[in-house]
Amino acid sequence: NHGDHVQLLVSLAEKIGKGEWIQQLGNALFSSTQSSPSDSTLLPLLASLSLSSWQKQARVAYTGALATVMTTCSGIKAGRNAASPLLARLAFHAPFLHGLWECASHNVSMLTSQPSKAVDSSELTSAYEVFSSFCDVFSHHLLAVNDDDFLNRYHQPEQHDRAFEVTGPKDHINSKDIVLTLKKILNDLYWVRPVLASDITNAQNDPESILRFQRARLLLSGTKLWNSLHERWCRLFRVVQFCNEDSWWFPHLASLGRHDNNPIIQSQVTTLGDQGNDDMDDSSVESASMDGVDEAAPMSANDAGGDALASTFRDPKVARVLTYIPQAMPFSRRVNLFNSLLESDKLRTQDETASFRQMMMNLDEGEEAEMLGRERVTIRRDELYSDSKQSLNRLGKRLRKRVQVTFVNKHGQEEAGIDGGGVFKEFLDDLIKDAFLPQTFREEEGGGEDEDILSRSHPDFFSVTPLQTLKVNTTSDGDDAILSNYEFLGRVLGKAIYESILVEPQFCLPFLNKLLGKQNSLDDLKNLDSEYYKNLKSLRHMSAQEIDDLGLTFELHDSATATIELLPGGSDIPVTKQNVIQYIHLVSHQKMNVRGSRQTSAFLHGFRDIIPAQWVRLFSAYELQKLISGDDAVKGIDVQGMMSSMRYSGGLHPSQPIVQWLWKAVEEMTPDQQRKFLKFMTSCSRQPLLGFSSMVPAPCIQQTRLREDDHGNDVAEGLGTGNIRLPTSSTCMNLLKLPKYTSAEMLKEKLLYAIESASGFELS
């Protein structure tokens, strides 16, 4: 009867919509060992598929239907439609996933080869469809796989890799294989035979148009999965690397290209630099579709800044890669391009040609010569933070201009000298040390002789994590008055990056993710507090009785803030075995994305006044930290590189014995001592990302008299009286002042004493 027909249709719709039939058909078509379906209505259909002549045709038809379904229920970013029952059914059924990968990876050579008449168009289209479907399904699958499970299932350690021990059964799918396979495919779609906007917007029903559309579809799906894997690779970088860094690099981008010497379109940098987009991406929600694709941007995201960034580069293919998959280019090349963006912007913000001409005219007329176009500030050393905030925070985006600093000492006298860049470097280094490092942390680290001049006229804006990195101090949550301080500190850090001044603070990765406009996930919690993460994650493996015995509810207690309900009425909702996963993710979200969010938002507002969001998105979180403070992974320093870039003054020459003694002493230092030597000379213990030749001012060694009297005055050589000097430095000028020692032993002894005691800094 009519009611039975309706019920049958409803049942069919449920089986299709929830993925039951799609999954069983996929198992039969892709799995090497076919199992009998639970639904008897499929038996006649599946029986026919055992014939090899039918199997090939059935796979083509099935992958076409599956790709159509994936197009409607999957998004550009992993996480869209996360609650889709169809995606969940397919993504978490291992036999289906394995079979789909086996079929997808079998056709890679076909996807990356030039079209051939020997290959049927429908077969090639099917190959694109099955690979894009795998990318959609596996991206969804990874959303629910934590880092430990990911490494256990999908990482095959090399024999020499002892950093990670396999503790569970291995999967047929290997993460390194996926990365390398996707690199080949995306290299073809982005670089060799780039996908065009017309491939989507002008799609027709003829075989050639359908093939072009499926290439564009794979571009989107493949980019989504590749970026998802790269985010995880970055998060695991210091634990274990499931592939080498060069596994991400496109062959044509691994070395310098034709536009590297002049990669930027100046007029477009001006436009981009004036944009102030403070929006945060939400990695769990993506509303974009494929409808607005244009030539310069293969994906339509609601990010006009991404389009603006793409338009700044002369090479459109490079622009596309940097906008959507920057990891395909080596870090050093991206740093060069980032510096090109900075230098192009400085042509506008720091052009003093007209000001210089006016100054020279004033000199000719006998008037006082003053360099116009700069921001001038006067800073009392004993009121460093308050004077700096009052003078600089009001500048906003004008802080990109050159800033000329005049210091006032504790006696109220202006210090002699003209700021040619070195004094500002010293000022910024002192300000960041004072404002970012908590008082207790600085006391534990120990300061130099200049420590007593820095006042603490403010609370600690950052606190130290158990991993000895910095995070926003959440004890100030709810205090509106303090937000302007975070906005100021954002501008200060942005100014340091803008002027390529390396500074010491090491931030936790969740905070760096925020600077990149990203949300943090549960696995990011281990980079904030590894012990807390371990304990929170252990709830997943507890029995129902063990969870009940803990007496947990959906609220979070913290000494820094009041009790917070994770759900409406959360204090009355007990945590059980059924809802413990939800509890774990809500706690993680609260600690990393909600707590301290107002301070972080204020910091971002200030930071992006100086560094547009799109510029830093060229980098991952750990790469951004290297941009801020240099490469922490480098052991010691590149002594040969420092020698070749060093300048000499005061009568010194590289051929003199004292210079050779110095470099021999530096080479014999331990890596830790070498970094202390670098900090002693430049104020930062990490060498520049692009080598010592990129340092401004250039590093220099100046010879000084060997002896001084009790008042610090030079004693003439040959008298044999007075005190033997220690080496000193002017960190603002990257200058080492080396007394004229008479033996290699004396030089080494005095140099090691100076750097180990952190003494000898001169404020000049």
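For the numbers below, each heavy atom of this structure counts, side chains included, while hydrogens, waters and symmetry mates do not. Throughout, residue positions are numbered sequentially from 1 according to the sequence presented. Keep in mind the model is a prediction, meaning the values are calculated, not measured.
Applying the side-chain contact (heavy atoms from CB on, under 4.5 Å) criterion to Asn527, with sequence neighbours excluded, gives Arg235, Leu509, Pro510. Residues meeting the side-chain contact (heavy atoms from CB on, under 4.5 Å) test with Thr742, sequence neighbours left out: Leu706, Met746. With sequence neighbours excluded, no residue satisfies ring-ring contact (aromatic ring centres under 6.0 Å, His included) with Tyr533. Applying the ring-ring contact (aromatic ring centres under 6.0 Å, His included) rule to Phe331 yields the partners Phe619; only residues at least two apart in sequence or on another chain are considered. For the side-chain contact (heavy atoms from CB on, under 4.5 Å) test, residues two or more places apart in sequence or in another chain that qualify with Arg675 are Asp632, Ser685, Arg686. With sequence neighbours excluded, the residues forming a side-chain contact (heavy atoms from CB on, under 4.5 Å) with Gln640 are Asp638, Met643, Glu667, listed by chain and number. The salt bridge (charged side-chain N to carboxylate O under 4.0 Å, His left out) test applied to Glu745 returns no partner, not counting sequence neighbours. Under the rule for a salt bridge (charged side-chain N to carboxylate O under 4.0 Å, His left out), the partners of Lys526 that lie at least two apart in sequence or sit in another chain are Asp147, Asp523. Legend: residues meeting ring-ring contact (aromatic ring centres under 6.0 Å, His included) with Tyr622, ordered by chain and number and at least two apart, are Phe237. The ring-ring contact (aromatic ring centres under 6.0 Å, His included) test applied to Tyr486 returns Phe461, not counting sequence neighbours.
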(message) Checking Glu499 against Lys346 for the salt bridge (Lys or Arg N to Asp or Glu O under 4.0 Å) test, could you report, in this order, the C-alpha distance in whole Å, the side-chain angles of both residues, the deciding distance, and whether it holds?
(response) CA-CA 10 Å; Glu499 300 295 346; Lys346 288 176 185 177; 3.8 Å; yes

(request) In sequence, state the C-alpha distance, the side-chain angles, and the governing distance for Glu756 and Lys676, and then conclude on salt bridge (Lys or Arg N to Asp or Glu O under 4.0 Å). (result) CA-CA 7 Å; Glu756 292 287 359; Lys676 286 180 178 179; 2.9 Å; yes

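There is no side-chain donor-acceptor pair under 3.5 Å between Ser620 and Gln327.
With hydrogens and angles ignored, the 3.5 Å screen pairs no side-chain donor or acceptor of Ser729 with any backbone N or O of Met681. With hydrogens and angles disregarded, a donor-acceptor distance shorter than 3.5 Å links the side chain of Arg334 to the backbone of Met329.
Results of the side-chain contact (heavy atoms from CB on, under 4.5 Å) test with Met669 over Ile637, Val639, Ile755 single out Ile755 as the only residue that passes.
For the pair Arg491 and Phe607, the cation-pi criterion (under 6.0 Å, within 45° of the ring axis) is not fulfilled.
Each ring-ring contact (aromatic ring centres under 6.0 Å, His included) pair with one or both residues in residues 496-515, not counting sequence neighbours, appears once here: Phe436-Phe507, Phe462-Phe507, Phe462-Phe511, Phe507-Phe511, Phe511-Phe603. Residue pairs meeting the salt bridge (Lys or Arg N to Asp or Glu O under 4.0 Å) criterion with at least one partner in residues 646-659, sequence neighbours excluded, are absent.
Annotation for Val464 and Pro438: closest pair CG2-CG, 3.8 Å, computed over non-hydrogen atoms. Nearest heavy-atom pair across Ser247 and Lys183 is O-CD, 3.0 Å.
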